[in-house]
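Structure first, then comments.
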Amino acid sequence: MKAFPKTFLWGGAVAANQVEGAWQEDGKGISTSDVQPNGVLSPTVDRQPGDFGIKDVAIDFYHRYPEDIALFAEMGFSCLRVSIAWTRIFPNGDETQPNEAGLAYYDRLFDELAKHNITPMVTLSHYEMPWGLVKNYGGWGNRETITFFERYARTVFTRFKNKVKLWLTFNEINMALHAPMTGVGLPENSSKAEIYQAIHRQLVASALAVKACHEIIPDAKMGNMLLGGLMYPLSCKPEDVLETMQENRSWLFFGDVQCRGEYPGYMLRYFRDNNINVEISDSDRQALKNTIDFISFSYYMSGCVTADEELNAKARGNILNMVPNPHLASSEWGWQIDPVGLRILLNKLWDRYQKPLFIVENGLGAKDKLEADGTVHDDYRISYLNDHLVQVGEAIEDGVDVLGYTCWGPIDLVSASKAELSKRYGFIYVDRDDQGNGTLARSRKKSFNWYKEVIATNGASLKA
Ligand code: BGP
C-alpha cells in the first residue's frame, strides 16, 4: 500500500455514556442514556431506583483514563474522539451556571491526551442529553432547548478553547428518525411531524454551535456527524433506483442543511406531500447559514433498497429498514460487511459537498474468546479493519480529501444499540461481561500490535 498523507490523523473513538461510568459522580445529572439501560434500540424510560444498568460503571474510563490513554499512545494514536457528557456540565440542562467538577474532569482528560501528543476530537452530544430537559421541557420538541444547548456549547468552547480544536455537534444526527428518544428526546411513538420539528431545532442548534465555535476558537474546525447509511438499489429496476435515491436523501438531507445552510427542495416537497408543517423562522434561516468546516461520519455496513412492498415489510425491524445484499457476508450481529462501500461513500460525499471528510467510526463488533495469557486472536477484526482502510487509501487516490480515521471502540465498551459488553470492538480487551461481572482489567488483543504497525507505517503495512 502507498502511505497515507503525512497529516492523516489515526486513532479511535469512544462516547462518554459508553465508557465513563461514574454516572452519578461529581455532580453529574441523569441523561437520556441513563434512563435507557437496555440501549438505543430497546428504550425503557421508566428506570426504577436500584435497576441494573451496565453503563453505570461501563468500563470505568472516568477513573481509568490515564491507563487507557497510555495504551492508545502505545499504539501511536494521533487522535482520540471522545464526547463530553452534557449532564456533567449542566446536570439538569437548564442551570445558568455550569458544574465545576464536570469541567475539571474534562480538563484533566484533555491534559492527559496532550501529555501523549494525542489530538482530541470532541462530540458535544453523543446519544445523550439531560433527562431534565426531556421531562420538564419535552426535549428538542421545545425551542428553549436550543438556548440550553447553546449555553452548554459556549461554556465548553470557552473553557477548553486552548485544548480542543476539533469539534463535532451531534452524533449521528440522522438517527433521530429511527430512535427519537436518543436523537431528540421525544417518545418513540411521536409523529413524523413532531420528529422533523424537533430535528429542525437541533439543526438550528448545531448551526449556532458552529457560529459560537468560530467566534470563541477561531482556529478550531467544527464538523457534523452523520450515520453513513449507504444504500444500493436491490435491482436496476428504475423504481428501485428511485426508491434508493429517496432513502439516501433521507439521511443526506442532514448533511445538505449542515453543509449548504438551507433546506433542499426535495425535503420541502417531502414535507408538503406528507402534510408536515415545520415551523422555520427567519432567524432560524439566518442561523442555518453557519455551515460546518468538515463532514464526519460513521460507517459500519451498507444495505439495499427495493420498491417491492413485500420485501420491505420483511426488512422492517432492523435499524434502517434495509433489505439484505445477497453479495455480502454479515457480522454476528447481522451487519453486512462492505469495505468497497466505504470507498463509494467517501467519493459520494466528496462529490456532493467538496468538504474534507473524517471517518470517525468504523469497526467490527464481535464475540471475542479470551486466551489464558490475556490475549485474543482477533484475526476477523484485523481483516475487517484492513479491508476498510485499504478502501480509504483507494478513495484518497481518487482525490478525496480525507482528514483521518478514528475506528470505533479501540477499547471494548458498552454497545449503543443493546447495551452489551459482549459486542466487542476493541484492540484492548476489558474484563467485564453483560451482567457486570469481571475485574475491569485491560489486556492487549492481537489487533493491538497490528494497528500499531499500521499507524507506524502510516498505512503502508496494509494488505491490499
Ligand atoms: C454508532 C454509535 C456509537 C456506537 C456504534 C456501534 O451508531 O455512534 O455510539 O455504539 O454505532 O453500534 P453498537 O454499539 O450498537 O454496536
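Computed over heavy atoms, backbone and side chain alike; hydrogens, waters and symmetry mates excluded. Atoms within each ligand, like the ligands themselves, are counted from 1 in listed order.
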Can you pull out the closest protein heavy atom to [atom]? Residue, atom name and distance to 0.1 Å, please.
atom: atom 2 (C) of ligand 1; result: Glu361 OE1, 3.3 Å
atom: atom 10 (O) of ligand 1; result: Gln18 NE2, 2.9 Å
atom: atom 6 (C) of ligand 1; result: Tyr425 OH, 3.3 Å
atom: atom 7 (O) of ligand 1; result: Glu172 OE1, 2.5 Å

Check contact between His126 and ligand 1, using heavy atoms of the residue and a distance below 4.0 angstrom. yes

Quick check: does Asn171 get an N/O under 3.5 Å from an N/O on ligand 1?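 Looking only at distances, the answer is yes, because the N/O contact criterion of under 3.5 Å is met.
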
Check: Asn362/Tyr405 side-chain N/O donor and acceptor closer than 3.5 Å: yes

Side-chain donor-acceptor pair under 3.5 Å between Glu25 and His63, yes or no? yes

Would you mind running through ligand 1 and noting each atom that sits below 4.0 Å from a heavy atom of Lys423?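 Close to Lys423: 13 (P), 15 (O), 16 (O).
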
Cation-pi between Arg424 and Trp408: NZ/CZ under 6.0 Å from ring centre and within 45° of the ring axis?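 The answer is no; the distance or angle limit is not met.
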
Is the Lys NZ or Arg CZ of Lys452 less than 6.0 Å from the centre of Trp10's six-membered ring, within 45° of the axis? no

As a check for students: among Tyr127, Tyr300, Trp335, identify the option with a heavy atom nearest to atom 12 (O) of ligand 1. Trp335

Nearest-option assignment for atom 14 (O) of ligand 1, heavy atoms, candidates Gly409, Ser417, Ala416: Ala416

Which atoms form the tightest heavy-atom contact between Asp56 and Asp51, and what is the distance? OD2-O, 4.4 Å

Give a yes or no on whether a salt bridge exists between Glu20 and Arg88, defined as a side-chain N under 4.0 angstrom from a carboxylate O. yes

How about Lys355: does its NZ atom have over 12 heavy atoms from other parts shown lying under 6.0 Å from it? yes

